Amino acid sequence: MAPKFKKYTPTRVLYWHRTDLRLHDSPALHAALNEIDDIEAFWPIWCWDPHYVYHARVGPNRFQFLIDCQNDLSSSYQRLNPKQKLWVLREGATTLLPKLMKAWKITHLVFEKDTDAYAKERDTKVVRDAEEAGVTVMIRNGRTLWDSDEVAKKNGGKPTMSATQLQAAGAKVGDISRPVPTPEKLPDPGDADLSAVEQERPERHPDFNEQFRDSEEKSYASGLAGPKGDYAVPTLQELGFKKQATSPHKGGESVVLENLEKMFEDEDYIATFEKPRTSPAAFEPQSTLLTSPHLHFGSLSCRYLYWRTEDLIDKRRKEKKPTSGPPTSITGQLLFRDMYFAAQAALGYSFAQTYDNPHCRFVPWHLPSKVNVDNKLISGEYEVDDPQAEEYFHRWRDGKTGFPWIDAIMRQLRSEGWIHHLARHSVACFLTRGGCYVSWERGAEVFEELLIDHETACNAGNWQWLSCTAFFAQFYRCYSPIAFGKKWDPEGNFVRRYVPELAKLDKKYIYEPYKAPIADQKRAGLLVSGGKTEGEEDGRHIYPKPMFDFNEQREICIQGLKTAYHVGLYGNSPAVIDGTWKKHFDDAAEGPTEGTEGGPGGSTGWQDAEGHEEYDPDGNKTPKLSREGSSKARPKSPRTTRAGHKREASQSTLDVLVQKKSSKKS
DNA sequence: CTGCCGTTGATTCA
DNA sequence: TGAATCAACGGCAG
């Protein structure tokens, strides 16, 4: 056979890092290094997107985690080729890349596919500009087990709403890819001359992260290549942050791979892992792998984790040793992650909100979403001004609810940027359908700011799940802020750790400090206060009484959800879009009322420190009405709270609907 | 249509 | 420790 002569056509490659701060199992990086011939110049770059710096909620802990990941990756590149690094540029890709591709004579642009709604828009523009400039664009899936767009397509273009659907659609897409090899060498960069590249000034407003900064963000001002002109990874200070990160969790591919190595030594733990059996109260060490932030930044490949786990389980099956499987196993967790990504890919922006989301139920929360301030969802007839619900929300956010289990979790979230999955369930249920009756979108915003592993698809999906607005519907299954904590941590060590003012309290009262007799409170250096939520008095640490009677709120929430389910509006219902949804709830409340429930009735067991029952001195003596037994609707009395606030009459329609589907049928 | 299941509730009772 | 109950949703298989 005659030798084939190949023409030498030098190529110059930009490898654009976004969701993939790693070298291992990166299909896009592998393609860039193996599918492009005659590479003359190669730059792995990061573009600091003003969207991320200003227009997304990113607290110091997540910023630091990202910076850690970037530094780790940059070092890895340097080890492969001392002339290399992660080239960090201070401008958004949509404006920078066209200029950069021209100045550096780029022939190939390569990146990992990102199906987030914002990223899709951004990438569409970048790809169009690149192709117009004659640059070859290569995109590879690497962030999820399957390409989320493909999964959505195989699911009929509809969002995957259950693990079954995801698995069925995924199977149609094909097998989950095996990891690709880690690169062992890297071409040199070319001459990185920016003299011809004029920098775009970023649009800074609104700056969601202003609260964290004590000075102007200095990264953009320092020029495209940073203060030293060396394309270095920025520091938190350079970004203007006053606060240092407080999270003990460190970012970086080498960190997570080393951690995994150690965790996989315990084969029993990995192979029999069942998420619902891991403790939300465990700390140092936590009960789970802590891979979520690494999956978010791409310092860990989900396929690498998937196949390492799957291979180990195969081996154990052959050895006839116990194993776990989806949905509770480690691989099951990754399948749920893909489910949320595919659902988001199908719905776009509306996935992360109620408004215009065809799969998210509409619930008239006492504190609605702030998102969409310009449309009628909340500006129409919605009673935005509910100071009590707003207070509940703030106290939840700040870890001062008076429920130690909730407060401990929220304080761990703020200081460490990570909380266990079941802890997320507990506080999310509490904020929404199982306590405060506040919109899940408010909670999601707090998580977005504080979590180091915040992933829009997973966060929005899980909040919808927990608020019973999508994915999950059993709203009568409600997490108790007392019983759930007790179940996992009867000693109260988790609470003692994160709510130090309760550290010395007897375990008998650790989840309900207001029940502790004065003498016990004094011994613990504690003052449970009905007024103040923090501070000290007579040398005793103040901890607040519960901000509401949980059982009473729980009933209000369940009735509210029942009503919302009956009314049956979704985020894209005309009445939600045009702001006339309230009429539907009023009509429902006036409808036929036979076959109804009585009020919650009975004692809630609420006691003050002296042991008096406050709400019903006789205990639960109100006879519970059976479904068949009551023939008349009993209008629910207006809500009264410990603080003595009375709900306005107009609100009461939101509280109750006493019509059952069964009665409608008959 | 029925019946069962759905990653992760709480309480009571045997 | 496990099962039944509470009051009862929606997806899915049959």
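Throughout, protein chains are lettered first and strands after them, A, B, ... in sequence-line order, and every chain is numbered starting at 1. Keep in mind that what you see is a predicted model, and the values were worked out from it rather than measured.
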Closest to the side chain of K562(A), out of dG10(C), dT8(B), dA8(C), is dA8(C)
Quick one: L561(A) CG to dA7(C) P, roughly how many Å, whole number?
-> 16 Å
Within 45° of the axis and under 6.0 Å from the centre of the six-membered ring of F341(A), does NZ or CZ of R143(A) qualify?
-> no
Interatomic distance, W465(A) CH2 vs dT8(B) P [rounded to whole Å] | 7 Å
Measure from the side chain of Y565(A), starting at C-beta and using heavy atoms only, and say which of dG10(C), dT7(B), dA10(B) lies closest.
-> dG10(C)
Can you tell me, in whole Å, how much space there is between the C1' of dT7(B) and that of dT5(C)?
-> 22 Å
Salt bridge or not for D268(A) and R316(A), using N-O below 4.0 Å?
-> yes
Expressed as a whole number of Å, how far does the C1' atom of dC1(B) sit from that of dC6(C)?
-> 26 Å
What's the CD-P distance between E555(A) and dC6(C), to the nearest Å?
-> 14 Å
Write down the distance separating the P atoms in dG11(C) and dA7(C), rounded off to the nearest Å.
-> 24 Å
5'-to-3' dot-bracket of DNA chain C (Watson-Crick, G-U; under 3.5 angstrom; crossing pairs as [ ]; | other strand) | ||||||..||||||
P atoms of dG6(B) and dA8(C), separation to the nearest Å = 22 Å
Round to a whole Å and report the spacing from CD1 of I406(A) to P of dG9(B).
-> 15 Å
Among dG9(B), dC9(C), dT7(B), which nucleotide sits nearest the side chain of P327(A)?
-> dT7(B)
Rounded to whole Å, the NE2-P distance (H566(A) to dA8(C)) equals 13 Å
What's the closest nucleotide to the Q474(A) side chain, out of dC9(C), dT8(B), dG11(C)?
-> dC9(C)
Nearest-neighbour nucleotide for the P276(A) side chain, dC9(C), dT8(B), dT11(B) considered | dT8(B)
Would you call R496(A)-D489(A) a salt bridge at under 4.0 Å N-O?
-> no
Could you check which of dC9(C), dG9(B), dT7(B) has an atom nearest any side-chain atom of F475(A)?
-> dC9(C)
Under 4.0 Å between any heavy atoms, over every strand shown, what does F336(A) touch: base, sugar-phosphate, or nothing? Just pick one.
-> base
Regarding the side chain of A483(A), the nearest nucleotide among dG9(B), dG10(C), dT11(B) is dT11(B)
Short side-chain N/O contact from S329(A) to OP1 or OP2 of dT7(B), under 4.0 Å = no
Protein-nucleotide distance (Y511(A), atom OH; dG9(B), atom P), rounded to Å | 17 Å
Using a cut-off of 4.0 Å on non-hydrogen atoms, how would the nucleic acid contact of W488(A) be classed: base, sugar-phosphate, or nothing?
-> nothing
So which heavy atom on P159(A) is nearest to which on Q165(A), and how close?
-> O-OE1, 3.5 Å
Would you mind reading off the distance between K158(A) atom NZ and dG11(C) atom C1', rounded to a whole angstrom?
-> 13 Å
Would the number of heavy atoms belonging to other residues, nucleotides or ligands and lying under 6.0 Å from NZ of K275(A) be above 12?
-> yes
After noting the C-alpha distance and the side-chain angles of Y479(A) and F430(A), does the key distance pass the ring-ring contact (aromatic ring centres under 6.0 Å, His included) rule?
-> CA-CA 7 Å; Y479(A) 291 84; F430(A) 183 85; over 10 Å; no
Give a yes or no on whether a salt bridge exists between D587(A) and K583(A), defined as a side-chain N under 4.0 angstrom from a carboxylate O.
-> yes
Below 4.0 angstrom, N of the basic side chain to O of the carboxylate: do E449(A) and R62(A) qualify?
-> no
Is any N or O donor-acceptor pair between the side chain of Q333(A) and the base of dT7(B) shorter than 3.5 Å?
-> yes
Distance, rounded to the nearest Å, where F472(A) contributes CZ and dT8(B) contributes P = 6 Å
